[in-house]
Undergrad: 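Got a structure for you, written out below as C-alpha cells; questions coming shortly.
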Protein chains: 2
Amino acid sequence: MTQEYGGAGACARPPSRYNRRMTDWLLHTPALDTLDAPTRARLAGLPQQTLPRGAVLFRPGDAVEGFAIVLSGRIEVFLTGAGGRELLLYAVEPGQSCVQTTLGLLGEAPYSTEAITAQETEVVMIPRALFRALMDSAPAFRQLVFAAFAERMGGMIQLMERVSFQSVECRLASWLCGHADGGRVQATQAEIATQIGSAREVVSRRLDAFARRGWVQTERGAVVLTDPGALRRLALSEGG
Amino acid sequence: MTQEYGGAGACARPPSRYNRRMTDWLLHTPALDTLDAPTRARLAGLPQQTLPRGAVLFRPGDAVEGFAIVLSGRIEVFLTGAGGRELLLYAVEPGQSCVQTTLGLLGEAPYSTEAITAQETEVVMIPRALFRALMDSAPAFRQLVFAAFAERMGGMIQLMERVSFQSVECRLASWLCGHADGGRVQATQAEIATQIGSAREVVSRRLDAFARRGWVQTERGAVVLTDPGALRRLALSEGG
DNA sequence: CCCGCCTGCGTGATCATGTCACAGACGCCC
DNA sequence: GGGCGTCTGTGACATGATCACGCAGGCGGG
C-alpha cells in the first residue's frame with residue numbers, strides 16, 4: 001500500500017529527479033515570515049525536494065539527518081505495534097515541522113516512529129549543524145520550533161485522551177465528519193482504522209451500524225455521509 | 001484519597017506556613033549547574049515552597065501561573081477520562097520541570113491535565129515574565145527547558161505505545177518490577193490501575209492470576225513479589 | 001464490646017474491542 | 001474468461017472495561 005521510496009535515507013539522499021532548483025521558497029512559507037533577514041538568507045539557499053505519495057521519510061531506528069519543513073502536501077507519522085497495527089500520531093502540514101525530528105536533533109535519539117507522505121509533498125531539509133546554529137542565534141526560528149513542539153505536545157495529549165477514553169464509534173464519527181469532501185470520504189476501511197487507532201474489522205462493523213441507522217452508505221474505498229448531522233452529534237457527545 | 005490543597009492557585013498562592021526562607025537552593029539542583037552567573041542570580045532569590053503529599057497543583061481548565069521546577073519529591077500528572085478513570089501521563093522528579101506548564105506558558109493554553117504531589121514535594125515557581133525573559137536571554141536555561149520537553153515527548157510516545165499495543169498483564173508485571181522495594185510494593189490496586197492505565201477490577205484479576213502462578217502474594221494495600229524473575233520475563237516479553 | 005461506616009478487595013455478568021480465520025465481491029490485467 | 005490482488009463482511013474467540021454487588025478489615029463513637 002505504501003510504496004517504499006528510497007528507504008531510510010529517502011529524505012537525506014533523494015534521487016536527483018526529485019531535486020528542484022534552489023529557489024526563494026521562503027517567500028511562499030508564511031510560517032517563516034517572522035524570521036530576520038540573516039536567518040532567511042541562510043535558509044533561502046537550501047534545496048527543496050518533492051516526494052511522491054507513499055514515500056517513507058523515516059522508520060523506527062533510523063538516525064535523524066536533518067530538520068524537515070513541509071512546504072506543501074502532508075506527512076503522516078505513525079506508531080507501529082507488534083501485530084502490525086498502526087496508529088496515526090500526527091500529521092505534518094505546510095509550514096509545520098516534524099517533532100520527532102526535533103527530538104532527534106536535540107537529543108541524539110533515533111526515530112521510534114514511521115513517517116510516510118500522504119500526498120505528493122515538498123519539503124526543505126535543514127542540516128543538523130545549521131539547525132543547531134539557528135536555534136542558538138535566531139530567536140524567531142527558535143520560537144517557531146518551540147511553538148511547533150508545544151502544539152504537538154498538546155495534540156499528543158488530546159490523542160491520548162481520545163484513544164484512551166473515547167469509544168471507537170465517537171472517534172469514527174468525528175473522523176468521518178472531519179474528512180468529508182462534499183458528503184463523501186475517500187478512504188478504505190483499513191486506512192480509516194489506522195487513522196483512528198482501531199482495527200479494520202471494527203471499522204467495518206461500526207460503519208455497518210451507521211449504515212443501518214441510515215447515517216452513511218459504504219462503497220468500495222469510500223463512505224458517503226447521508227446524515228452528517230447525526231454523525232456530528234455523536235462525535236460531540238463525548239461518549240466514553 | 002487526594003486531599004484538596006488550596007485549589008487552582010495552590011502553587012501560586014500557597015499558605016504561608018509552607019513557604020521557606022529564600023535560600024540558595026540552586027546549589028542543590030544539579031540540573032541547573034550549567035546556568036551562567038547572571039541567570040543563577042535571577043533565580044536564586046525565588047522562594048521555594050513545600051507541598052504535602054496529595055496537593056493538587058493544577059486541574060483541567062486552570063490557567064498557567066508560572067514555571068515549576070521540582071527540587072525534591074515527586075509530582076504526578078494525570079489525564080482524566082469521562083468515567084472518572086485516570087491515566088498517569090508522566091511524573092516530574094527532582095531537577096525536572098512540568099511540560100504542561102511550559103506548554104501553557106508558551107501558548108497561553110490552559111491545563112488539560114491534573115497534577116498531584118505523590119510525596120511531600122519542594123518546588124520553585126518561576127513567574128511567567130521571568131520565564132520568558134530567561135528563554136530569550138539564557139541559552140543554558142533554554143537548553144534545559146528544551147531538553148525536558150524533548151524527554152517528555154519521547155516518554156509520551158513510549159506511553160502511547162505501551163497503552164495502545166501492550167497487554168495489561170505486561171504493563172502490570174513491568175510496573176510491579178519497577179516499583180518493588182525489597183520485593184514488596186506498597187500500593188492499593190486502585191492506585192496501580194491508574195498508574196498503568198487500566199481498571200481496578202482488571203488489576204485485581206491479573207494479580208490473582210499472578211498469585212495462582214506463585215509469582216506474587218496480595219495483601220491489603222500491598223503486593224509481595226515472590227518470583228520477581230518470572231515477572232521480569234513477562235514484562236520484557238513485549239506481549240501484545 | 002458492639003455498631004456503623006469507609007476503604008480495599010473479589011467476583012459474576014455484560015458490553016466493547018481487538019484478533020484470527022476465511023469467504024465473497026470487486027477491479028484489473030492478460 | 002481466468003487469475004490475482006485488494007477491499008470488505010462475518011463468525012468465533014480473547015482481552016479488557018464497566019456495572020453491580022457482597023465481603024472483610026480497620027477505626028471511631030456509643
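Within every chain, numbering begins at 1; the chains are lettered A, B, ... in the order of the sequence lines, protein sequences first and strands thereafter.
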Undergrad: Where the side chain of A199(B) is defined as all heavy atoms beyond and including C-beta, which of dT19(C), dT17(C), dT18(D) is the nearest nucleotide?
TA: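 That would be dT18(D).
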Undergrad: Polar-atom pairs under 3.5 Å, protein N or O versus N or O of nucleotides 9-12 of chain C: list them with distances, or write none.
TA:
| residue | atom | partner | partner atom | Å |
| --- | --- | --- | --- | --- |
| dC9(C) | OP1 | G221(B) | N | 2.8 |
| dC9(C) | OP2 | Q189(B) | N | 2.8 |
| dG10(C) | OP2 | Q189(B) | OE1 | 3.2 |
| dG10(C) | OP2 | Q189(B) | NE2 | 2.9 |
| dG10(C) | OP2 | S204(B) | OG | 3.0 |
| dG10(C) | N7 | R200(B) | NH1 | 3.4 |
| dG10(C) | O6 | R200(B) | NH2 | 3.0 |
| dG12(C) | N7 | R205(B) | NH2 | 2.5 |
| dG12(C) | O6 | R205(B) | NH2 | 2.9 |

Undergrad: Report the distance from atom CZ of F165(B) to atom P of dT19(C), rounded to the nearest whole Å.
TA: 9 Å
Undergrad: Between dT7(C) atom P and E191(B) atom CD, what is the distance in whole Å?
TA: 13 Å
Undergrad: Send over the distance from L234(A) CG to dA16(C) C1', rounded to a whole Å.
TA: 14 Å
Undergrad: Would you kindly give the CD-to-C1' distance between E86(B) and dA17(D), to the nearest whole Å?
TA: 16 Å
Undergrad: Inspect the contact between R74(A) and E93(A) and indicate whether a charged nitrogen and a carboxylate oxygen are less than 4.0 angstrom apart.
TA: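 Answer for the salt bridge query: yes.
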Undergrad: Touch check for V168(A), heavy atoms < 4.0 angstrom, all strands: base, sugar-phosphate only, or nothing?
TA: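 The answer is sugar-phosphate, as V168(A) gets under 4.0 Å only of primed atoms, P, OP1 or OP2.
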Undergrad: Whole angstroms only, please: what is the CZ-C1' distance between R171(A) and dG18(C)?
TA: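 Taking atom C1' of dG18(C) as the reference, CZ of R171(A) is at 11 Å.
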Undergrad: E169(B) has an atom CD; how far is it from atom P of dA17(D), in whole Å?
TA: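 It works out to 13 Å between those atoms.
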Undergrad: Evaluate the side-chain proximity of V123(A) to L71(A): yes if any heavy-atom separation is below 4.5 Å, no if none is.
TA: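 With C-beta onward as the side chain, the pair stays apart.
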Undergrad: Please determine whether a side-chain nitrogen of the Lys or Arg among E169(B) and R171(B) lies less than 4.0 Å from a carboxylate oxygen of the Asp or Glu.
TA: no
Undergrad: To the nearest 0.5 Å, what is the distance between CG on L176(A) and CD on Q195(A)?
TA: 11.0 Å
Undergrad: Could you walk me through whether E86(B) and T194(B) pass the side chain to side chain donor-acceptor pair (under 3.5 Å) test, one step at a time?
TA: CA-CA 5 Å; E86(B) 291 191 322; T194(B) 291; 4.7 Å; no
Undergrad: In whole Å, I'd like the distance from the CZ atom of R206(A) to the P atom of dG18(C).
TA: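 Distance, rounded to whole Å: 10 Å.
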Undergrad: Measure CG/L172(A) against P/dA16(C) and give the value in whole Å, please.
TA: 15 Å
Undergrad: Please work out whether the ring planes of F149(A) and F149(B) are parallel, tilted or perpendicular, with thresholds of 30° and 60°.
TA: tilted
